[in-house]
2 protein chains.
Amino acid sequence: MKEGPDLSRIASLVGDPARANMLSALMSGAALTASELALEGGVGLPTASSHLAKLSEGGLVKVASQGRHRYYALAGSEVATMLEAISGVAASVGPKRARPGPRDSAMREARVCYDHLAGDKGVALFDHLTGSKLIKHAAQDAVLTPRGRAWFAEFGVDVSALERNRRPLCRVCLDWSVRRSHLAGALGAAALDRMFALNWARREADSRVVRFTPKGRAEFDRLIRA
Amino acid sequence: MKEGPDLSRIASLVGDPARANMLSALMSGAALTASELALEGGVGLPTASSHLAKLSEGGLVKVASQGRHRYYALAGSEVATMLEAISGVAASVGPKRARPGPRDSAMREARVCYDHLAGDKGVALFDHLTGSKLIKHAAQDAVLTPRGRAWFAEFGVDVSALERNRRPLCRVCLDWSVRRSHLAGALGAAALDRMFALNWARREADSRVVRFTPKGRAEFDRLIRA
DNA sequence: AACATCATTCGATGATAGTCGAAGTATGCG
DNA sequence: CGCATACTTCGACTATCATCGAATGATGTT
């Protein structure tokens with residue numbers, strides 16, 4: 001009668017609002033404690049604990065005990081990919097919520113999404129890449145053009161090294177705050193790393209917000225207008 | 001308090017076993033009637049109707065009325081991608097079910113998964129492609145090597161034409177029956193089309209089973225041993 | 001040792017949602 | 001027109017599960 005892996009078992013884990021919010025928070029890549037996730041989920045500590053037990057049991061998150069803290073994180077990139085896919089469908093079919101996005105303007109401007117740059121800055125970068133034909137955009141993937149390869153090399157990203165990695169180079173992530181696409185995948189992550197290395201920006205503690213320095217902001221603008 | 005697109009709204013739609021089974025059935029790409037889907041879902045007609053209304057409302061399926069039949073199909077490739085992603089996670093974390101796969105041996109050998117070849121034959125093809133370095137395998141994507149491009153050209157697939165399409169060329173789909181990967185994406189679909197065109201195999205009516213002809217079986221074997 | 005913090009378990013409550021039988025609507029056929 | 005088929009809607013039942021307060025366990029601090 002039934003077949004295949006329990007699609008519904010996994011999906012129903014994400015199907016609860018509290019758990020979905022927790023998982024979204026973990027998309028930043030950071031490991032969070034149960035209390036923090038309770039806040040993110042909008043539920044009390046006991047409830048959160050129960051949810052986390054289920055997520056852990058279901059293999060969606062892994063937990064690392066460190067002293068009296070228990071840090072939860074996504075179990076793997078497969079889980080992150082799945083969440084992105086669900087998010088993509090949700091964004092494409094759901095103009096339901098009138099709310100235009102996160103009320104926090106800093107968060108709206110730039111934040112990490114799993115491990116790459118999202119928000120207005122992320123979208124701006126992506127628009128430049130596609131507009132200048134540095135990448136070719138497909139449904140949920142993208143390919144780097146030769147010119148794009150050179151562009152990234154000049155920016156200081158070793159594309160060849162990334163390609164030796166198992167992770168897909170280009171990937172497109174649909175941004176839930178602005179309903180626009182931005183660059184994910186190994187290249188997206190590398191680009192963000194490079195910006196950190198150049199001191200253009202740094203990550204705010206205990207938050208997904210990426211705070212650009214004045215210099216970084218200027219350099220970034222120059223980069224995507226070149 | 002809550003943010004982002006309703007991840008949970010979409011996920012909970014897939015989170016019900018009956019709905020998940022229906023969606024799985026629709027992964028074959030075929031449009032099915034409400035009665036057929038009731039069977040697939042293992043529920044009564046009224047219940048199925050209610051589920052389908054929800055899926056439709058949620059934007060996961062689209063419906064086409066044709067006479068007194070109503071044909072349901074997945075709303076788009078994004079939905080199929082999402083289901084594959086969820087399926088991937090389910091397979092990777094869920095050694096839960098002892099059942100090794102579909103009991104139907106024909107189905108186990110070869111079947112369509114959305115629109116590409118799955119089952120033992122699909123896995124065999126994929127193994128050959130990776131083993132002979134015709135494609136380079138990453139986490140959930142793959143890239144076609146120059147040699148692979150030539151190989152597909154010889155097989156009769158116009159790769160350049162596919163690349164002009166918006167759909168990602170190479171994609172890896174984790175097979176739930178054998179827990180192995182096979183080729184999806186535009187290239188996977190084109191490969192299957194080509195096999196149909198060559199009369200190597202044909203699709204069985206009202207089923208996901210792909211039935212190889214004796215000649216097709218021999219040619220296929222030769223193809224992946226070359 | 002006593003205390004504070006972080007987290008999980010237990011028990012009770014309440015709401016949501018899946019289920020099906022029966023009746024209603026729509027389409028096709030003779 | 002009348003009957004059959006395909007599907008949906010309605011109504012009532014049931015079960016599952018999210019939620020939180022209180023208590024317990026675990027760890028680190030004073």
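Letters go in sequence order (proteins before strands), and every chain restarts at 1.
- Separating the CG atom of A:Leu52 from the C1' atom of C:dT9 is a distance of 14 Å, rounded to the nearest angstrom.
- A:Leu55 has its CG atom 14 Å from the P atom of D:dC17, to the nearest Å.
- Rounding to whole angstrom units, CZ of residue B:Arg9 and C1' of C:dA17 are separated by 16 Å.
- The shortest distance between the side-chain N/O atoms of B:Tyr72 and the OP1/OP2 oxygens of D:dA6 is not below 4.0 Å.
- Looking at residues two or more places apart in sequence or on another chain, you find no ring pair (Phe, Tyr, Trp, His ring centres under 6.0 Å) involving A:Phe196.
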Every protein N/O lying under 3.5 Å from an N/O of nucleotides 18-25 of chain C:
residue: C:dG18; atom: OP1; partner: B:Arg19; partner atom: NH1; Å: 3.2
residue: C:dG18; atom: OP1; partner: B:Arg19; partner atom: NH2; Å: 2.9
residue: C:dG18; atom: OP2; partner: B:Lys54; partner atom: NZ; Å: 2.5
residue: C:dT19; atom: OP2; partner: B:His51; partner atom: NE2; Å: 2.6
residue: C:dC20; atom: OP2; partner: B:Gly44; partner atom: N; Å: 3.1
residue: C:dC20; atom: OP2; partner: B:Thr47; partner atom: OG1; Å: 2.8

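- When the C1' atom of D:dT5 is taken as reference, atom CD of B:Glu36 falls 14 Å away, rounded to whole Å.
- Under the side-chain hydrogen bond (donor to acceptor under 3.5 Å, both in side chains) criterion, B:Arg217 pairs with B:Glu109, sequence neighbours left out.
- In this structure, the separation between CG on B:Asp120 and CG on B:Leu125 is 12.5 Å, given to the nearest 0.5 Å.
- Separating the CG atom of B:Leu39 from the C1' atom of D:dA6 is a distance of 14 Å, rounded to the nearest angstrom.
- Straight-line distance from the CE atom of A:Met22 to the P atom of D:dA18: 11 Å, rounded to whole Å.
- Residues that satisfy the side-chain hydrogen bond (donor to acceptor under 3.5 Å, both in side chains) test with B:Arg202, not counting sequence neighbours, are absent from this structure.
- Considering only residues two or more places apart in sequence or on other chains, A:Arg211 meets the salt bridge (charged side-chain N to carboxylate O under 4.0 Å, His left out) condition with A:Glu204.
- Residue B:Arg70 places no side-chain N or O under 4.0 Å from the OP1 or OP2 atom of D:dA6.
- By the side-chain hydrogen bond (donor to acceptor under 3.5 Å, both in side chains) test, A:Thr33 is found to be paired with A:Glu36, residues two or more places apart in sequence or in another chain being considered.
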